[in-house]
Amino acid sequence: MKIKIIALGKIKEKFLKDGIDEFLKRLTPYTSIEIIEIQPIEIKDENLIEKALEQEAEKILANIKKDSYVITLEILGKQLSSEDFASKIDEITKNGISELVFVIGSSCGISPKVLQRANFKLSISKMTFLHQFARLLLVEQIYRAFKILKNETYHK
């Protein structure tokens, strides 16, 4: 199965880039993973948030295949333990899905169009994180999921 992470914005902080790169490297024996960074629409007027989200949605949806399984990262999504997250990935794989797509929105959220396309809504935590941190947490949890599924040790 191929994994794709579609994220709004670029990672600027070196320590975050290094952490993400480390987990991407660790994931190579388990899966093919790609990160697609989309430039968020600059919002100069709060009244234009919906319009900006719709423009971002077009770019996000253009990177999702019709038969991909889509998981959006949302504050109101379902929280899973690492073991349950691993089981979710295993279930998706066993259902013959060839591409799993995670979507991390901008600081303004994710367009309703993208939310409607989601097969599953995931919350990393009830706490709020910078979107750049969410990307690092996500790749670490994907790595941890594969270690769990392979019954390989990884620090707890």
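Because only heavy atoms are used, hydrogens play no part in the values below, and waters and symmetry mates are left out as well, while side chains stay in. Note that the structure is a prediction, hence the values are computed from the model and not measured.
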Please check this pair: side chain of E56 against backbone of I41, looking for a donor-acceptor N/O pair closer than 3.5 Å. yes

Listed by chain and number, what are the side chain to side chain donor-acceptor pair (under 3.5 Å) partners of K2, not counting sequence neighbours? E34

Same hydrophobic cluster for V139 and F102, using side-chain heavy-atom links shorter than 4.5 Å among ILVMFWY? yes

Value rounded to 0.5 Å, distance of CG in L136 from CZ in F129: 10.5 Å

Going by the rule salt bridge (Lys or Arg N to Asp or Glu O under 4.0 Å), which residues pair with K126 if we only count those two or more places apart in sequence or in a different chain? none

For G105 and I110, work out which heavy atoms get closest and say how close. CA-CG1, 3.6 Å

Side-chain heavy atoms under 4.5 angstrom apart, residues restricted to Ile, Leu, Val, Met, Phe, Trp, Tyr: same cluster for I36 and L24? no

Name every donor-acceptor pair, under 3.5 Å, that has one atom in a side chain of residues 3-13 and the other anywhere in the protein, sequence neighbours excluded.
{"residue": "K4", "atom": "NZ", "partner": "N63", "partner atom": "O", "Å": "2.8"}
{"residue": "K10", "atom": "NZ", "partner": "E37", "partner atom": "OE1", "Å": "3.4"}

By ring-ring contact (aromatic ring centres under 6.0 Å, His included), Y143 pairs with (sequence neighbours left out) F23, Y154

ILVMFWY cluster, L80 and I148 together (side-chain gap under 4.5 Å): no

Once you round to the nearest 0.5 Å, how far does CG of D84 lie from CD of E91? 11.0 Å

Show me the side-chain donor-acceptor pairs of residues 117-125 shorter than 3.5 Å, one per line, residues at least two apart or across chains.
{"residue": "R117", "atom": "NH1", "partner": "N119", "partner atom": "OD1", "Å": "3.4"}
{"residue": "R117", "atom": "NH2", "partner": "K65", "partner atom": "O", "Å": "3.0"}
{"residue": "R117", "atom": "NH2", "partner": "K66", "partner atom": "O", "Å": "3.2"}
{"residue": "R117", "atom": "NH2", "partner": "S68", "partner atom": "O", "Å": "2.8"}
{"residue": "N119", "atom": "OD1", "partner": "V70", "partner atom": "N", "Å": "2.7"}
{"residue": "K121", "atom": "NZ", "partner": "L115", "partner atom": "O", "Å": "2.8"}
{"residue": "S123", "atom": "OG", "partner": "I75", "partner atom": "O", "Å": "3.4"}
{"residue": "S123", "atom": "OG", "partner": "S125", "partner atom": "N", "Å": "3.4"}
{"residue": "S123", "atom": "OG", "partner": "S125", "partner atom": "O", "Å": "3.0"}
{"residue": "S125", "atom": "OG", "partner": "M127", "partner atom": "N", "Å": "2.9"}

What residues, two or more places apart in sequence or in another chain, satisfy side chain to side chain donor-acceptor pair (under 3.5 Å) together with K14? D18

Please examine the side chains of S106 and H131, heavy atoms only from C-beta on, and report whether any two atoms are closer than 4.5 Å. no

Roughly how far apart are I71 CD1 and I104 CD1, rounded to 0.5 Å? 11.5 Å

Please name all residues satisfying side chain to side chain donor-acceptor pair (under 3.5 Å) with S87, sequence neighbours left out, ordered by chain then number. none

Value rounded to 0.5 Å, distance of CG in L137 from CD1 in I142: 11.0 Å

Please tell me whether I38 and L73 are part of a single hydrophobic cluster in this structure, the criterion being side-chain heavy atoms less than 4.5 Å apart. no

Would you please name every residue forming a side chain to side chain donor-acceptor pair (under 3.5 Å) with K94, sequence neighbours left out? D90

Once side-chain contact (heavy atoms from CB on, under 4.5 Å) is applied, do any residues pair with T93, and if so which ones, sequence neighbours excluded? M1, I89

Once side-chain contact (heavy atoms from CB on, under 4.5 Å) is applied, do any residues pair with E152, and if so which ones, sequence neighbours excluded? Y30, K147, K150

How far does OG of S81 sit from NZ of K88, to the nearest 0.5 angstrom? 13.0 Å

CD1 on I97 to OH on Y69, rounded to 0.5 Å: 8.0 Å

If you look at every heavy atom in D67 and S98, which pair is closest and at what distance? OD2-OG, 4.4 Å

Is the shortest side-chain N to carboxylate O distance from K25 to E22 below 4.0 Å? yes

Is V114 reachable from I35 through a run of I, L, V, M, F, W or Y residues, each pair having side-chain heavy atoms under 4.5 Å apart? no

Considering residues at least two apart in sequence or located in another chain, which fulfil the side-chain contact (heavy atoms from CB on, under 4.5 Å) criterion with K113? E54, A57, E58, L61, S111

For L130, all residues meeting side-chain contact (heavy atoms from CB on, under 4.5 Å), sequence neighbours excluded: Q132, F133

